[in-house]
Structure formats: C-alpha cells, structure tokens
Amino acid sequence: MELVLQRADDAAIPVPAHEEFVQWINAVTNEFEIPHRDVCIRIVNDAEMRDLNGRYRNKSTSTNVLSFRADFDPEIQQFSLGDIILCADVVENESRRDRKALQDHWAHLTIHGTLHLLGFDHETDQDAFEMESLEREILAGLSIADPYR
C-alpha cells in the first residue's frame, strides 16, 4: 500500500507516524483482500475541515474525518482508493472529551475513513451496525479497545 501523508494543520498536536497509518489502512484492506492501492491522508486544522465539510456536505461545522472515494479504471492494476481527511483539532478534542487514548482514536478514525473508501456508510441503523461491527473487529485485531463503549 502506498500512502501519501500530508500535514496541513498548524497545531502541535501529535500525529501518528506514517507507518502507523499504513498499518491501520492495511488492517482494513487485508480484511477484504483488497490488492495494493494508494491512499492519501491529509491532516488539517479546524478551519480547513469546516470549509471542506461545508463545501462537500453542506454542514457549517467541523468534523473528525471525511473520505473521498477515487474513481478508478478496473483495467489498471494499481489505483487510488481515495483521500482521507482527518482534523487534528477535532481528533484531539474528542480523545480528551471521551477519555480515549489519542493514538487509539487516530486508529479508529483512520479505519472508519478507510471503510468509507470501500463503500461502507452509516446512513441507516443497519449500515451503522455493520460498519461499527467491522470497526470493532479490525480494532480488536490491533489490540485496540472498542471505541463505542
């Protein structure tokens, strides 16, 4: 898996290492036997996330993660799964508020975003149940506690 990691926030919030993001994304793609795919992760600040959330989801607030699936040609052996945008400010604030280890919250949101790239969503209760179950299973495989407890 090829990962492009961009740090565009201006905060001093600790961000996981490149290798950790790769491990978390691979935990998802290996679960579904997805072959080598490229992913871009962009770490942004609250203002940029609020702008993106407004532009693409018509919401005037910030959020923790956005995912943008890539269009691809199935004839090509390698392609991009898409982009995951993570807001460092929100990730840190949620981690502190919910008393979760910061690193574990980064892992959860990266896995959550990757599942969105694979077409999972949580628009209905059934979809949410399926997606959260997958997140719990993948996180448990990484020795990370259930984030929904």
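Both backbone and side-chain heavy atoms feed into the values below; hydrogens, waters and symmetry mates do not.
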**Asked** Transitive ILVMFWY cluster of Met49 at side-chain heavy atoms under 4.5 Å: who else is in it?
**Response**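 Hydrophobic cluster check, Met49: joined to Val44, Leu52, Tyr56, Leu66, Phe68, Ile85.
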**Prompt:** Relative to each other, are the rings of Trp106 and Phe21 parallel, tilted or perpendicular (30° and 60° limits)?
**Reply:** perpendicular
How far apart are the closest heavy atoms of [X] and [Y], and which atoms are they?
X      : Y      : value
Leu142 : Ala27  : CD1-CB, 4.1 Å
Pro147 : Lys100 : O-NZ, 3.1 Å
Met1   : Val22  : CE-CA, 3.6 Å
Ser80  : Ala70  : O-CB, 3.1 Å
Leu81  : Arg37  : CG-CB, 3.6 Å
Ala107 : Ile144 : CB-CD1, 3.5 Å

**Item:** Trace of the side chain to side chain contact (heavy atoms under 4.5 Å, CB included) decision for Leu3 with Ile25
**Value:** CA-CA 9 Å; Leu3 172 66; Ile25 293 167; 4.1 Å; yes
Nearest 0.5 Å please: distance from the [atom1] atom of [X] over to the [atom2] atom of [Y].
X      : Y      : atom1 : atom2 : result
Ile34  : Leu118 : CD1   : CG    : 5.0 Å
Asp89  : Asn64  : CG    : CG    : 12.0 Å
Leu115 : Leu134 : CG    : CG    : 6.0 Å
Arg7   : Ile43  : CZ    : CD1   : 7.0 Å
Glu132 : Arg136 : CD    : CZ    : 5.5 Å
Leu86  : Thr63  : CG    : OG1   : 10.0 Å

**side chain to side chain contact (heavy atoms under 4.5 Å, CB included) between Thr114 and Val39, intermediate numbers included** = CA-CA 9 Å; Thr114 305; Val39 174; 5.8 Å; no
**Contacts of Glu48 that satisfy salt bridge (charged side-chain N to carboxylate O under 4.0 Å, His left out) - sequence neighbours left out** = Arg42
For the pair [X] (side chain) and [Y] (backbone), establish whether a donor and an acceptor sit closer than 3.5 Å, ignoring hydrogens and angles.
X      : Y      : value
Arg69  : Leu117 : yes
Asp9   : Ala88  : no
Ser133 : Phe129 : yes
Ser67  : Ile84  : no

**Request:** Just jot down the side chain to side chain donor-acceptor pair (under 3.5 Å) partners of Asn53, sequence neighbours excluded, or say none.
**Result:** Arg57
**Asked** Above 12 or not: heavy atoms from other molecules or residues under 6.0 Å from CG of Asp125?
**Response**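 It does not: Asp125 CG has 12 such atoms or fewer within range.
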**Prompt:** With a cut-off of 6.0 Å (strictly less than), are more than 12 heavy atoms of other residues, nucleotides or ligands near CZ of Arg97?
**Reply:**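 Yes.
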**Item:** Which residues share a ring pair (Phe, Tyr, Trp, His ring centres under 6.0 Å) with His108, sequence neighbours left out
**Value:**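 With neighbours one apart ignored, the set is Tyr148.
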**Prompt:** ring pair (Phe, Tyr, Trp, His ring centres under 6.0 Å) with His116: which residues, sequence neighbours excluded?
**Reply:**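 Partners of His116 by the ring pair (Phe, Tyr, Trp, His ring centres under 6.0 Å) criterion, ordered by chain and then number, come out as His112, His122.
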**Request:** For Leu139 and Asp146, run side chain to side chain contact (heavy atoms under 4.5 Å, CB included): C-alpha distance rounded to whole Å, both residues' side-chain angles, the deciding distance at 0.1 Å, then the answer.
**Result:** CA-CA 7 Å; Leu139 288 163; Asp146 180 350; over 6 Å; no
**Request:** Take Asp38 and Val4, measure what side chain to side chain contact (heavy atoms under 4.5 Å, CB included) needs, and give me the verdict at the end.
**Result:** CA-CA 8 Å; Asp38 299 341; Val4 174; over 6 Å; no
**Prompt:** Any link between Ile111 and Leu5 through a network of hydrophobic side chains (Ile, Leu, Val, Met, Phe, Trp, Tyr) touching at under 4.5 Å?
**Reply:** yes
**Message:** Can you pull out every side chain to side chain donor-acceptor pair (under 3.5 Å) where at least one residue sits in residues 13-30? Sequence neighbours excluded, please.
**Reply:**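 Every side chain to side chain donor-acceptor pair (under 3.5 Å) pair that includes a residue of residues 13-30, provided the two are not neighbours, is Glu20-Gln103.
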